[in-house]
Amino acid sequence: MVALGISARADASCIDDALATLDEAVVLSRDRTFLLTDDVTTGTLVLEEPRCVTVLATATNERATVNAVLRTETGIDLSRDTSATRHAEVRFCGAAGLSLHWTLRTDAPTEVDYVALAGAPSPLPDWGRSLGACFSSTPGVRGTEPDVGRPPAGPTLEGRATFFAESAEAAGYEEWESVALAIRETGNHAFNLEGGTCYRFWAGAEVGAVNLVLVAPDGAERIADRRRAVDAAVGYCPEVSGSFTLIVHDEGGTTEARVRSWRQRVDPPSDLRGPPARAWAESEARNGPLEVLARFHLATGEALSVTREGEGCRTVVAIPNEDAWRSRLELQLIREDGSLAASARRVAGVARLQYCGGAHRLRVRMLRGRGHLIVAEAAQ
């Protein structure tokens, strides 16, 4: 961090006189405020282009101490000045799109003059010498120029990718493809997705922000993540196979993005094919690995039950096989006294309900149709 030696000549009129000679684009913010002990004042700057930003502050009370912190919008400290002096300076250089938040705090009642500058005060052009004279007995600033564009402290791109990979793998996915995309407003990559299989996609950038959009073969948008963050992620389970396009949008200074994808480790029961197999895959994507509890063959009006014991919460699904795919069925949860605790009718191929702890009886009723079905559960 650049060090500033400040003298009694550092006053508001000196600063105003120096700033009056500057290009308006250089002065990002200028104000003064009165702060009580431990009061704070804050401000926000968004870099519209790659540049360095410096925030300078001084207290008029010579016995007061001013501290300053410059952070990202996620709370990562970029620069901090906690020296026991009545002046403070924080500085950072970053890429376009970076949102910077600065905070000033004092330990005694005082008026505080502060200014945020683009690029100042190092290196020193002519106007920098004028302003530097307000903060030092000798015009000028001591210190070295920080590297432009150095990434903020905090999780690296690789670290964020690893965190997402671990969560995907814990949910039953395996890594599929990894590509690096050059971004010129957007970057596209085509993926051949299989119907009945679920996928997860992640994109991240070193600096800046990205969005993700998944487009179907017919050109329609299927799912998107528009949170405008350094990372974006989407998940999708296509019903039919085809070539889908993942579009990465630059939302703030990104020139390259890393794209990684995972597909579900699908191993449906051998007697499930077609739509029932897709229903199984989607249920595992939503609830985790399924364990088969029973296989039934039911006709209209018939019902069969399975008794379950044990602690913890579980999700139960009833999935018809191909011969019963057009049937209507109901999944019921029966208490020990025989009363009905919950019920769910088949929606989009699956009847699903949840229960927690104790002994329960699961009953499946065929409302209309006939055929085979599977009852399975996933621990929550």
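Computed over heavy atoms, backbone and side chain alike; hydrogens, waters and symmetry mates excluded. In this chain, numbering begins with 1 at the start of the sequence shown.
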Worksheet item: How far apart are the C-alpha atoms of T65 and T106, what are their side-chain angles, what is the distance that settles it, and do they pass the side chain to side chain contact (heavy atoms under 4.5 Å, CB included) test?
Response: CA-CA 5 Å; T65 294; T106 66; over 6 Å; no
Q.
Working note: T54 + R91, criterion side chain to side chain donor-acceptor pair (under 3.5 Å); need CA distance, chi angles, decisive distance, verdict.
A. CA-CA 4 Å; T54 300; R91 175 176 169 82; 2.9 Å; yes
Test side chain to side chain contact (heavy atoms under 4.5 Å, CB included) applied to V364 and L304, step by step
CA-CA 6 Å; V364 182; L304 286 175; 5.8 Å; no
Margin query: Pair H249, V210 - check side chain to side chain contact (heavy atoms under 4.5 Å, CB included), show working.
Written below: CA-CA 5 Å; H249 292 270; V210 296; over 6 Å; no
| said: Before you tell me yes or no, could you show the steps for V317 and V375 under side chain to side chain contact (heavy atoms under 4.5 Å, CB included), namely the whole-Å CA-CA distance, both residues' side-chain angles and the distance that decides it to 0.1 Å? | reply: CA-CA 6 Å; V317 296; V375 177; over 6 Å; no
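Here the straight-line distance linking atom OG of S339 with atom CD1 of I334 works out to 7.5 Å at 0.5 Å rounding. With rounding to the nearest 0.5 Å, the separation of OG1 in T41 from CZ in R32 is 13.5 Å. Considering CZ of R263 and CD of E194, their distance stands at 6.0 Å, rounded to 0.5 Å. The CZ atom of R365 sits 5.0 Å away from atom CD of E330, with the distance rounded to the nearest 0.5 Å. If you take OG on S327 and CG on L373, they are separated by 7.0 Å, rounding to the nearest 0.5 Å. Distance check: L246 CG to L181 CG gives 8.0 Å after rounding to the nearest 0.5 Å.
Nearest heavy-atom pair across V213 and A224 is CG2-CB, 3.9 Å. Considering all non-hydrogen atoms of both residues, S243 and A190 come closest at OG-CB, 3.9 Å. Residues A57 and V112 share a closest heavy-atom pair of CB-CG1, 4.2 Å. The two atoms that bring V66 and T58 nearest to each other are CG2-C, 4.5 Å, heavy atoms only. Pairing each heavy atom of N61 with each of T110, the nearest pair is N-OG1, 3.1 Å. The heavy-atom pair separating A318 from P320 by the smallest distance is O-CD, 3.9 Å.
Using a 4.5 Å cut-off on side-chain heavy atoms (C-beta onward), V306 and F296 make contact. No side-chain heavy atom of S261 sits under 4.5 Å from any side-chain heavy atom of R200. Counting heavy atoms from C-beta outward, P109 and T37 have side chains that approach closer than 4.5 Å. L56 is not listed as a side-chain neighbour of Y114, based on a closest heavy-atom distance of 4.5 Å or more. When side chains are defined from C-beta on, R370 counts as touching H297, because their heavy atoms get closer than 4.5 Å. Within the 4.5 Å cutoff, no side-chain heavy atoms of L214 are placed close to those of T245.
L193 and I247 fall into different hydrophobic clusters, where Ile, Leu, Val, Met, Phe, Trp and Tyr residues are linked whenever their side-chain heavy atoms come under 4.5 Å apart, directly or through other members. Clustering ILVMFWY residues whenever any of their side-chain heavy atoms sit less than 4.5 angstrom apart, transitively, puts L212 in the very cluster that holds Y199. At a threshold of 4.5 Å between side-chain heavy atoms, the hydrophobic network of Ile, Leu, Val, Met, Phe, Trp and Tyr places V234 and F244 in one connected group. No chain of hydrophobic side-chain contacts below 4.5 Å, direct or via other Ile, Leu, Val, Met, Phe, Trp or Tyr residues, connects V240 to V215. Linking ILVMFWY residues whenever their side-chain heavy atoms come closer than 4.5 Å, directly or via other members, places L353 and L293 in the same cluster.
Listed for the N67 side chain is no donor-acceptor partner under 3.5 Å among the backbone atoms of R105. Counting only distance, with no hydrogens or angles, the side chain of D81 and the backbone of E89 share a donor-acceptor pair below 3.5 Å.
With sequence neighbours excluded, the residues satisfying ring-ring contact (aromatic ring centres under 6.0 Å, His included) with F191 are W176, H189, F201.
Remark: R260 CZ is packed, more than 12 non-hydrogen atoms of other residues, nucleotides or ligands lying under 6.0 Å away. Atom CZ of R368 has 12 or fewer neighbouring heavy atoms from other residues, nucleotides or ligands inside a 6.0 Å radius. In F163, the CZ atom is not crowded: 12 or fewer heavy atoms of neighbouring residues, nucleotides or ligands sit closer than 6.0 Å.
Judged by distance alone, the side chains of Q354 and T315 do bring a donor and an acceptor atom under 3.5 Å apart. Between H101 and T44, the side chains place a donor N or O and an acceptor N or O closer than 3.5 Å (distance only, hydrogens not considered).
When hydrophobic residues (I, L, V, M, F, W, Y) are linked wherever their side-chain heavy atoms come within less than 4.5 Å, V69 remains an isolated member. In the hydrophobic clustering (ILVMFWY side chains linked at under 4.5 Å, chained through shared members), L367 stands by itself.
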